[in-house]
Amino acid sequence: MALRFHNTLTQRLEEFAPADGKTVRMYTCGPTVYSYVHIGNFRTFAFQDILRRTLRARGFLLDHVMNITDVEDKIIRNAMERGLSIQDYTKGYTEAFFQDSATLRLEKAERVVFATEHIPEMVEAVAKLGSSGHTYESDGSTYFRIASFPGYGKLSHTNLGGNVAGARVDVDEYEKDDARDFVLWKGQKTGEPAWDAPMGAGRPGWHIECSVMAMMYLGQTLDIHTGGVDLVFPHHENEIAQSESLTGKPFVRYWLHAEHLMVEGKKMSKSLGNFYTLRDILDRGYAPEAIRFLLTATPYRKQLNFTFDGLDAARSAIERLRSFRWRLLNEKLPAGDNIAMNERAGKAIADFDSSLDDDLNTADALAAVFEFVRDANTAMDAGEFRESNRHAAVELLTSFDEIFKVLEPTAAEGGASDAEIEELVAERNRAKKAKDFGRADSIRKQLLDLGIVLEDSREGTRWKRK
RNA sequence: GGCGCGGUAGCCAAGUGGUAAGGCAGAGGUCUGCAAAACCUUUAUGCGCCGGUUCAACUCCGGCCCGCGCCUCCA
């Protein structure tokens with residue numbers, strides 16, 4: 001079955017292939033670095049990571065651009081309050097974002113681009129929109145006139161010509177012809193950082209930033225553009241209006257949007273204050289893999305309610321997979337081959353792949369893996385899993401972990417070294433052999449206090465960090 | 001009000017017009033110096049509610065109720 005994605009533009013499941021058949025050109029709206037991003041933001045970035053890895057597993061090359069918005073109202077306000085340049089203010093948050101992403105094992109986009117490094121191109125785009133009659137100036141700022149773009153609303157499927165009764169549109173705050181017109185270029189106010197431009201000193205609006213950088217690196221029509229659902233309107237709608245007004249060509253072939261991470265039934269957000277940063281959760285002793293698993297195990301188009309119970313469940317689920325892998329790699333197995341078992345593994349891999357092909361159905365993909373783990377464990381217990389079956393099973397785990405990336409534990413900082421632990425385990429095994437169980441138990445206890453759990457088996461003692 | 005997503009076991013969560021995946025948690029059992037791990041059994045006569053179509057619907061159609069999101073910066 002072919003790879004299929006739900007396209008927000010058409011509201012349908014569509015077969016996907018890059019326009020050139022080989023390289024997927026995709027753009028992701030990255031963070032605005034005015035503070036730490038929270039794990040709700042990371043839900044979307046984790047989805048993009050699953051997307052990247054799946055595309056590559058299908059043999060495509062990637063040219064993925066992620067922007068960093070490093071000039072914006074909150075950044076300017078906070079930087080000015082602290083007497084810092086916007087560069088100095090954003091630097092730490094940008095680095096923290098990269099660090100947190102790496103901690104969650106998110107691949108870095110092929111190109112990470114900064115808004116402040118593309119101002120001339122944005123100025124040029126605004127000027128070009130002006131010369132083609134899409135803009136107007138008001139109070140020093142330049143606005144995009146929505147009425148000049150007939151397709152406006154096609155992504156969010158809203159008819160903006162009608163009334164907006166009930167919507168909280170505060171018209172008074174703006175000097176715009178139409179409440180939905182949006183700013184392309186913000187005129188400088190006293191003391192604010194600004195760049196020179198034909199339309200007056202100022203700074204770019206958020207929307208033009210993404211259009212310009214996306215098309216500059218990826219061409220006039222992108223294969224994929226992703227973000228959270230809250231960006232559908234107005235951000236992505238505005239990107240379409242600007243971009244297509246500039247080029248006359250479709251801006252994006254496939255729009256993919258991730259649903260929100262919820263907390264106690266509400267969207268996790270800075271403004272509600274109900275958010276956790278990655279650091280908050282790591283401080284509570286959870287491993288990054290558990291967080292990654294939780295964020296990715298629920299398909300991206302479904303709202304995901306974040307709970308610590310959910311994190312506990314994720315931790316246990318990963319542990320089950322790791323235990324199976326340990327057994328697969330270490331247990332002595334009867335010689336030979338069990339053809340049925342190889343076929344079983346092959347079916348699991350096929351199911352895993354086709355689930356991901358189906359709009360990245362991670363929950364279904366995981367089910368294929370866990371079902372195989374149960375069957376393989378059962379076969380091992382019965383002596384029906386043979387030496388030569390290892391290969392196919394390892395292949396499944398490899399396919400799985402190329403996407404989910406949770407099997408390798410994150411190395412603990414500090415604490416006992418592997419060598420020290422091995423020594424204690426060896427000593428305990430000597431004590432066990434001598435039937436000195438008191439000594440053996442005290443070593444078990446000692447290691448447990450260090451966060452090390454022991455599991456005895458016929459093949460020896462396995463240890464793992466809690 | 002408009003647009004969108006969703007309501008499946010204690011929790012999380014797949015799914016199909018033909019009789020409910022998977023994970024976590026719980027209970028009982030096997031194994032075990034201890035402890036784990038693993039395995040087995042067990043936990044939804046029912047998939048928000050009401051109608052309709054059908055031999056058959058959780059799955060299709062109609063209506064309704066509820067939750068969430070967007071419509072303002074926002075992943």
Side-chain angles (χ1 to χ4, degrees), chain A residues 8 11 28-32 34 37-48 72-74 153 156-160 162-170 173-174 179-180 206 226-235 237 257-262 265-272 293-294 297-299 301-305 307 309-324 326-327 331 351 355 358 361-371 373-374 376-382 432 435-438 440-441 444-445 448 453-458 461-462 464:
Chain A
T8 308
Q11 298 177 299
T28 288
C29 292
T32 300
Y34 70 95
V37 304
H38 57 65
I39 57 163
N41 301 311
F42 275 120
R43 198 259 170 118
T44 298
F45 298 130
F47 141 66
Q48 286 153 5
E72 172 265 359
D73 291 356
K74 285 190 279 288
S156 51
H157 305 98
T158 47
N159 175 10
L160 293 160
N163 68 28
V164 284
R168 292 169 294 151
V169 177
D170 185 359
E173 210 176 301
Y174 307 98
R180 272 93 58 196
W206 179 38
T226 70
V229 285
D230 50 354
L231 298 190
V232 173
F233 188 90
H235 184 51
E237 198 73 71
H257 290 99
E259 262 295 350
H260 287 308
L261 188 72
M262 317 293 286
K266 297 280 181 202
K267 170 184 170 184
M268 180 176 285
S269 73
K270 293 272 173 65
S271 52
L272 288 174
F293 189 93
L294 181 68
T298 298
R301 290 211 301 128
K302 181 153 179 164
Q303 289 175 349
L304 166 60
N305 196 31
T307 62
D309 283 349
L311 267 181
D312 290 336
R315 174 163 59 190
S316 299
I318 292 170
E319 196 45 54
R320 177 170 168 80
L321 297 172
R322 287 179 180 167
S323 293
F324 173 69
W326 189 89
R327 194 178 185 194
E331 191 157 311
D351 288 348
S355 296
D358 182 17
N361 189 337
T362 48
D364 208 32
L366 285 171
V369 174
F370 280 105
E371 281 181 85
V373 168
R374 184 197 58 218
N377 270 320
T378 302
M380 284 184 193
D381 286 354
K432 272 174 59 179
K435 302 266 191 247
D436 183 358
F437 294 122
D441 287 349
R444 174 191 285 288
K445 175 80 167 52
L448 188 61
V453 176
L454 302 184
E455 291 173 14
D456 293 329
S457 75
R458 281 192 207 91
T461 302
R462 174 194 179 201
K464 61 191 182 190

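All values below were derived from every heavy atom in this structure, side-chain atoms included, with hydrogens, water molecules and symmetry-related copies excluded. Every chain is numbered from 1, with letters handed out A, B, ... down the list of sequences.
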Counting side-chain heavy atoms from C-beta on, which of G23(B), A38(B), G15(B) comes nearest to Asn361(A)?
G15(B)
Select base, sugar-phosphate, or nothing to describe what His257(A) touches, counting heavy atoms under 4.0 Å on all strands.
nothing
Interatomic distance at P, C60(B) relative to G22(B), whole Å:
23 Å
Gln11(A) side chain: which of G69(B), G4(B), G23(B) is closest?
G4(B)
By side-chain contact (heavy atoms from CB on, under 4.5 Å) - contacts of Arg301(A) (at least two apart)
His6(A), Asp359(A)
With Ala46(A), which residues qualify under side-chain contact (heavy atoms from CB on, under 4.5 Å), at least two apart?
Leu106(A), Leu295(A), Thr296(A)
Would you indicate whether the side-chain heavy atoms of Lys432(A) and Asp456(A) approach each other to under 4.5 Å?
yes
Which dot-bracket string describes RNA chain B (Watson-Crick N1-N3 plus N6-O4 or O6-N4, or G-U N1-O2 and O6-N3, all under 3.5 Å; [ ] crossing; | other strand)?
(((((((..(((.....[...))).(((((.......))))).....(((((..]....))))))))))))....
Choose from A75(B), C68(B), C40(B) the nucleotide whose nearest atom is closest to any side-chain atom of Arg374(A).
C40(B)
Would you tabulate the pairs of protein nitrogen or oxygen atoms and nucleotide nitrogen or oxygen atoms of nucleotides 33-37 of chain B closer than 3.5 angstrom?
residue	atom	partner	partner atom	Å
G33(B)	O6	Arg428(A)	NH2	3.3
G33(B)	N1	Asp441(A)	OD1	3.0
G33(B)	N2	Asp441(A)	OD1	2.9
G33(B)	N2	Asp441(A)	OD2	2.5
C34(B)	O2	Arg444(A)	NE	3.3
C34(B)	N3	Arg444(A)	NH2	2.9
C34(B)	N4	Asp456(A)	OD2	2.5
A35(B)	N1	Asp456(A)	N	3.1
A35(B)	N3	Arg444(A)	NH2	2.8
A36(B)	O2'	Glu455(A)	OE2	3.4
A36(B)	N1	Asp456(A)	O	3.4

Report the distance from atom CZ of Arg43(A) to atom NE2 of His260(A), rounding to the nearest 0.5 Å.
10.0 Å
Please encode protein proximity along nucleotides 7-13 of chain B as a string of B, S and -, counting only heavy-atom distances under 4.0 Å.
S-----S
Contacts of type side chain to side chain donor-acceptor pair (under 3.5 Å), residue Asp73(A), not counting sequence neighbours
Lys186(A), Arg203(A)
Shortest side-chain distance from Phe370(A), nucleotide among G22(B), C71(B), A38(B):
G22(B)
